[in-house]
Amino acid sequence: MAQKDPNHDDYCLEQYKHQFQVDLLQGRVAFITGGGSGIGFRMAELLMRHGCHVAIGSRRRDKLQESAQRLSAATGRECLPIQMDVRKYDSVKNAVEETLQKFKRIDILINSAAGNFLCPAASLSSNAFRTVIEIDTVGCYNASRAVYDAYFKDNGGCIINISATLHYLGQPLQVHAGSAKAAIDAMTRHLAVEWGPNNIRVNCIAPGPIEGTVGMRKLGGLMLEGSPEVKDKMMSYIPLGRMGTRTEIAESAVFLASDLSSYITGAVLVVDGGAWLGGGGGPMKSML
Ligand code: HXC
Ligand code: NAP
């Protein structure tokens, strides 16, 4: 039987050492788009390990059900799998209603659903560009708006968006995803300003390269895994010299979801080992 690898597949950690108090999020409820896989799955797991019940939503019903079973078995908290498409407002609205019926509250929304592939702008069709904008940016808006209308407007809450660092230096082959994520950074600030008076905090995590994820595989991760020389070269551009883990992103999400960050809103927390700065320094870098 194949080995379970929680750093590369959607299995829960066999052991977890709590860095925060174990009951940090006791009794709270999170709704996580894209929560059935990758970074979203690990965020669901760590929120649950800190006391949350969680609803996870995406398109693949079987995948969601399998993930929900694993998450509940590992953490002892409830996980509700909901099939939905973030591009369709009514689908998201129904998923939010189902979550509220089950848990009676939502405290935390995490927008992790996304789609991506490598493609030069000169070959990218208009529909391909639109598809990624619709999943990432419109999806983020749809979920934020649906949760706001149904619950946060009157009860307050916390939104954590997941963007990226692609747009900081204009990474090639990524005009679609970079544009979508730049808009998510902007949305984070706009909604933080408009919804702050409703006691809603809106923040964003911008992950760098995270090992073992679909996102990384799509951006050449397989090439890195197959070639130690290419990997060493790539890692030399990252100040901390390595890729990040899903757990490191999830612990940042636990922080932003909790009262530890009660005065933080409108922030984009870059969690990338300094990767986006790595290309900086220019010729002076060789003098280090
Ligand atoms: C060029 C492509 C393409 C590719 C699809 N298209 N793949 N164009 N290169 N590799 C084009 C299609 O030809 C079509 O345009 C349009 O995009 C829509 O494609 P569909 O297959 O119909 O879309 P859909 O079934 O909705 O699938 C969406 C998807 C898919 C994004 C293409 O990959 C997906 O569902 N992804 C979800 C999982 C995922 O990508 N996870 C990674 C997230 S990581 P035409 O013109 O032909 O109609 C991430 C990382 C960020 O976001 C930063 C990392 C550092
Ligand atoms: P992933 O496992 O593919 O996660 C993306 C999730 O989005 C999947 O669970 C997918 O599930 C869901 N999804 C896609 N389209 C959807 C739609 N239309 N409606 C609802 N759900 C949809 O990839 P990941 O690498 O962990 O990425 C997670 C997040 O981190 C993304 O926002 C990504 O942009 C961001 N990020 C990742 C990295 C990295 O190195 N991996 C770096 C920077 C940022 P279904 O297919 O079931 O719908």
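Each ligand, and each atom within it, is numbered from 1 in the order the structure gives. Computation of the quantities below employed the complete heavy-atom set of this structure, encompassing side-chain atoms and omitting hydrogens, waters and symmetry-equivalent molecules.
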[atom]: the protein heavy-atom neighbour that sits closest, reported with distance to 0.1 Å:
| atom | answer |
| --- | --- |
| atom 5 (C) of ligand 2 | A114 O, 3.8 Å |
| atom 44 (C) of ligand 2 | S163 O, 3.1 Å |
| atom 40 (O) of ligand 2 | I210 N, 3.0 Å |
| atom 37 (C) of ligand 2 | I39 CD1, 3.6 Å |
| atom 16 (C) of ligand 2 | R59 NE, 3.5 Å |
| atom 45 (P) of ligand 2 | R60 NE, 3.4 Å |
| atom 11 (C) of ligand 1 | A128 CB, 3.5 Å |
| atom 39 (C) of ligand 2 | T213 OG1, 3.6 Å |
| atom 26 (O) of ligand 1 | R87 NH1, 2.9 Å |
| atom 34 (O) of ligand 2 | K181 NZ, 2.8 Å |
| atom 49 (C) of ligand 1 | N116 CB, 3.6 Å |

N or O contact, [X] vs ligand 2, cut-off under 3.5 Å:
| X | value |
| --- | --- |
| N111 | no |
| P207 | no |
| G57 | no |
| G215 | yes |
| D136 | no |

Is the shortest distance from a heavy atom of V214 to ligand 1 less than 4.0 Å?
->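 Yes.
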Residue-ligand contact R59/ligand 1, heavy atom below 4.0 Å |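 It does, in that a heavy atom of R59 comes within the 4.0 Å cut-off of ligand 1.
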Hey, are S72 and R77 close enough side-chain-wise for a donor-acceptor pair under 3.5 Å?
->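 No, S72 and R77 have no side-chain donor paired with an acceptor closer than 3.5 Å.
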Donor-acceptor pair between T75 and R49 side chains, under 3.5 angstrom |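 No.
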Close-contact set for ligand 2 against R87 heavy atoms, below 4.0 Å =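 Numbered from 1, ligand 2 contributes 18 (N).
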Protein non-hydrogen atom below 4.0 angstrom of [atom] present:
| atom | result |
| --- | --- |
| atom 52 (O) of ligand 1 | yes |
| atom 7 (N) of ligand 1 | yes |
| atom 22 (O) of ligand 1 | no |
| atom 19 (O) of ligand 1 | no |
| atom 29 (C) of ligand 1 | no |

Quick one: do S37 and R60 satisfy side chain to side chain contact (heavy atoms under 4.5 Å, CB included)? Show the steps, please.
-> CA-CA 10 Å; S37 72; R60 290 170 293 166; 4.0 Å; yes
Ligand 2 versus [X]: contacting region, heavy-atom distance under 4.0 Å:
| X | answer |
| --- | --- |
| A177 | neither |
| M84 | backbone |
| I135 | side chain |

Could you check whether [Y] and [X] have their ring centres less than 6.0 Å apart?
| X | Y | result |
| --- | --- | --- |
| W195 | Y148 | yes |
| F129 | H176 | no |
| H18 | F20 | no |

Can [X] and [Y] be counted as an ion pair, charged N to O under 4.0 angstrom?
| X | Y | answer |
| --- | --- | --- |
| R145 | D149 | yes |
| D85 | R87 | yes |
| R28 | D259 | yes |
| K102 | E78 | yes |
| D10 | R42 | no |

Mark yes or no for whether S261, through its side chain, and I264, through its backbone, hold a donor-acceptor pair below 3.5 Å.
->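 No; judged by distance alone, with no hydrogens or angles, the pair does not exist.
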Does H50 reach the side chain of V22, with side-chain heavy atoms less than 4.5 Å apart?
->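 Counting from C-beta outward, H50 and V22 never come under 4.5 Å.
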If the cut-off is 4.0 Å to any non-hydrogen atom of [X], which atoms of ligand 1 fall inside it?
| X | value |
| --- | --- |
| K218 | 33 (O), 36 (N), 39 (C), 40 (O) |
| G115 | 31 (C), 36 (N), 37 (C), 39 (C), 40 (O) |
| A114 | 37 (C), 38 (C), 39 (C), 41 (N), 43 (C), 52 (O) |
| L219 | 54 (C), 55 (C) |

Euclidean distance, L71 CG relative to C79 SG, rounded to 0.5 Å =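 One gets 5.0 Å once the value is rounded to the nearest 0.5 Å.
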Partner of P81 under side-chain contact (heavy atoms from CB on, under 4.5 Å), chosen from L64, V54, D62 |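 The option that passes is L64.
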In terms of hydrophobic clustering (I, L, V, M, F, W, Y; side-chain heavy atoms under 4.5 Å; direct or indirect links), are [X] and [Y] co-clustered?
| X | Y | answer |
| --- | --- | --- |
| V230 | I238 | yes |
| L25 | I32 | yes |
| I200 | Y151 | yes |

Counting only heavy atoms, which portion of D136 has something under 4.0 Å from ligand 1: side chain, backbone, both, or neither?
->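 For D136, there is no contact with ligand 1 at all, from either part.
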Residue of the set T188, D136, D185 for which side-chain hydrogen bond (donor to acceptor under 3.5 Å, both in side chains) holds with S163 |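 The option that passes is D185.
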Working for side chain to side chain contact (heavy atoms under 4.5 Å, CB included), residues C119 and L173 = CA-CA 5 Å; C119 187; L173 315 183; 5.8 Å; no
Assess S91 for proximity to ligand 2: is some non-hydrogen atom of it under 4.0 Å away?
->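 Judged by the 4.0 Å heavy-atom criterion, S91 does not count as contacting ligand 2.
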Of all the heavy atoms in I162, does at least one lie under 4.0 Å from an atom in ligand 2?
->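 Heavy atoms of I162 do come under 4.0 Å of ligand 2.
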For [atom], which candidate among [options] provides the closest heavy atom?
| atom | options | result |
| --- | --- | --- |
| atom 45 (P) of ligand 1 | S125, A180, A275, S163 | S125 |
| atom 42 (C) of ligand 2 | A95, G208, A113 | G208 |
| atom 28 (C) of ligand 2 | S112, G35, G38, S67 | S112 |

Is the W276 ring parallel, tilted or perpendicular to the Y168 ring (thresholds 30°, 60°)?
->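 Aromatic pair W276/Y168 classed perpendicular.
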